[in-house]
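Below is one structure, written out as structure tokens; the observations come after it.
Throughout, a chain's letter reflects where its sequence line sits, starting with A, and its residues are numbered from 1.
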Protein chains: 2
Amino acid sequence: MKLSFTDYISIKIHKTDLNLTSYVKEQLKEFNLAPEQNLIMMLLWEKDGLEQHQLAIHLNKDKTNIARMASNLEKKGFIKRAPVEGDRRSLRLFLTEEGKELGNKVIPVAEAFNETVCKGISKEELLELERLLTKMNSNVLCARQ
Amino acid sequence: MKLSFTDYISIKIHKTDLNLTSYVKEQLKEFNLAPEQNLIMMLLWEKDGLEQHQLAIHLNKDKTNIARMASNLEKKGFIKRAPVEGDRRSLRLFLTEEGKELGNKVIPVAEAFNETVCKGISKEELLELERLLTKMNSNVLCARQ
DNA sequence: ATCCAATAGTTGCTATAACAACCAAACTCA
DNA sequence: TGAGTTTGGTTGTTATAGCAACTATTGGAT
């Protein structure tokens with residue numbers, strides 16, 4: 001077959017992801033929020049009081065990452081962790097007042113970012129892009145059983 | 001606007017990238033090669049003797065990462081670093097015999113991986129995907145000036 | 001009731017990723 | 001030619017990312 005470096009679609013996806021993430025990082029810097037920490041906050045702004053393992057599922061991430069990011073967010077004062085009544089293993093994440101206020105400032109920035117990324121791309125094209133990404137994900141999932 | 005978490009295209013791209021990278025990592029484990037180390041090797045298998053700063057440009061990565069990954073690849077015995085004649089600042093990366101042999105084993109795995117990812121996706125769809133990713137990249141580039 | 005498995009979280013380790021600060025070499029230009 | 005800038009690389013720090021191994025708790029099965 002002899003593919004060249006530039007032929008691998010996964011490499012293009014990877015580069016795009018790095019590029020977008022780097023821009024997000026820049027945009028969020030003034031809020032003392034890292035990109036992945038922001039993903040946790042986005043979920044909490046939608047639904048407060050999620051448990052760590054629920055976040056791990058939503059974000060497709062290892063529970064160790066969630067634990068450490070949650071710990072960092074707690075240190076920054078944006079969330080509080082509280083044990084779940086009825087299951088002493090679980091921890092629930094709650095927004096602090098500061099965390100709630102942060103949402104009012106960050107969400108508009110996130111939406112503006114999404115606008116920027118999608119500039120000049122139609123709704124149909126966006127759906128097609130999502131469809132292809134989903135297809136690739138399921139292809140890999142399949143191959144791994 | 002009120003976007004939901006699942007509406008952000010950047011998050012979908014990010015998740016896809018993580019998923020693909022995680023599969024690559026699994027596939028490369030037996031060769032003692034991490035995914036990003038493999039990208040450097042792929043470039044060297046195409047063109048031996050590249051300099052570190054050239055790799056940084058090809059991979060859109062900070063030079064610090066390249067330096068550390070190159071150092072790791074050297075420790076593993078896959079490459080040797082040699083100063084460039086005529087410019088004592090630069091380092092050139094050369095494949096060792098072991099590194100060259102590794103290519104014969106890894107390249108087929110990489111191509112099979114690409115096949116898996118693109119299964120059921122037509123050439124036209126792939127081109128469209130690339131076009132949209134490129135568009136998003138230039139959108140962000142534009143916004144950052 | 002008790003053993004066993006599954007679940008939730010943490011700690012330790014390795015590998016990206018980028019920024020800041022730094023050194024040395026090379027270049028520029030007045 | 002000599003000062004200031006640019007370039008190539010390294011080290012230190014912070015933030016992901018996932019695996020292995022561990023503790024504690026819960027649930028299940030006999």
Is it true that the side chains of A:Thr116 and B:Asn139 contain a donor and an acceptor less than 3.5 Å apart? no

I'd like to check the side chain to side chain contact (heavy atoms under 4.5 Å, CB included) partners of A:Ala70; sequence neighbours left out, ordered by chain and number. A:Gln52, A:Ile79, A:Arg81, A:Leu93

Selection from D:dG18, D:dG9, D:dG12 that lies nearest to any side-chain heavy atom of B:Lys25: D:dG18

How do A:Ser22 and A:Thr64 order along DNA chain C: which one's closest nucleotide is nearer the 5' end? A:Thr64

Salt bridge check, A:Glu125 against B:Arg131: does any charged N sit closer than 4.0 Å to a carboxylate O? yes

Partners passing side chain to side chain contact (heavy atoms under 4.5 Å, CB included) against B:Lys75 (at least two apart in sequence or in another chain): B:Ser71, B:Asn72

Would you mind classifying the nucleic acid contact of B:Leu91 as base, sugar-phosphate or nothing, using non-hydrogen atoms under 4.0 angstrom? sugar-phosphate

Pairs involving residues 95-106 of chain B, ordered by first then second residue, that meet salt bridge (charged side-chain N to carboxylate O under 4.0 Å, His left out) (sequence neighbours left out): B:Glu97-B:Lys100

Within the structure shown, what part of the strands sits under 4.0 Å from B:Leu18 by heavy-atom distance: base, sugar-phosphate, or nothing? sugar-phosphate

In whole angstrom, give the distance that lies between atom CG of B:Asn65 and atom P of D:dT10. 12 Å

In terms of side-chain heavy atoms, does B:His58 have a donor or acceptor partner in B:Glu46 at a distance below 3.5 Å? no

So A:Arg81, base contact, sugar-phosphate only, or nothing? Heavy-atom distance under 4.0 Å. sugar-phosphate

A:Gln27: partners by side chain to side chain contact (heavy atoms under 4.5 Å, CB included), with sequence neighbours left out: A:Tyr23, A:Val109

Between the protein and nucleotides 24-26 of chain D, are there any N/O to N/O pairs under 3.5 Å, and if so, what are the atom names and distances?
from, atom 1, to, atom 2, distance (Å)
D:dT25, O2, A:Arg89, NH1, 3.3
D:dT26, OP1, A:Arg88, N, 3.0
D:dT26, OP2, A:Arg88, NH2, 3.3

Any side-chain to backbone donor/acceptor pair from A:Glu111 onto B:Leu3? Under 3.5 Å, distance only. yes

What are the 5'-most and 3'-most nucleotides of DNA chain C lying under 4.0 Å from any heavy atom of chain B? C:dA15 to C:dA26

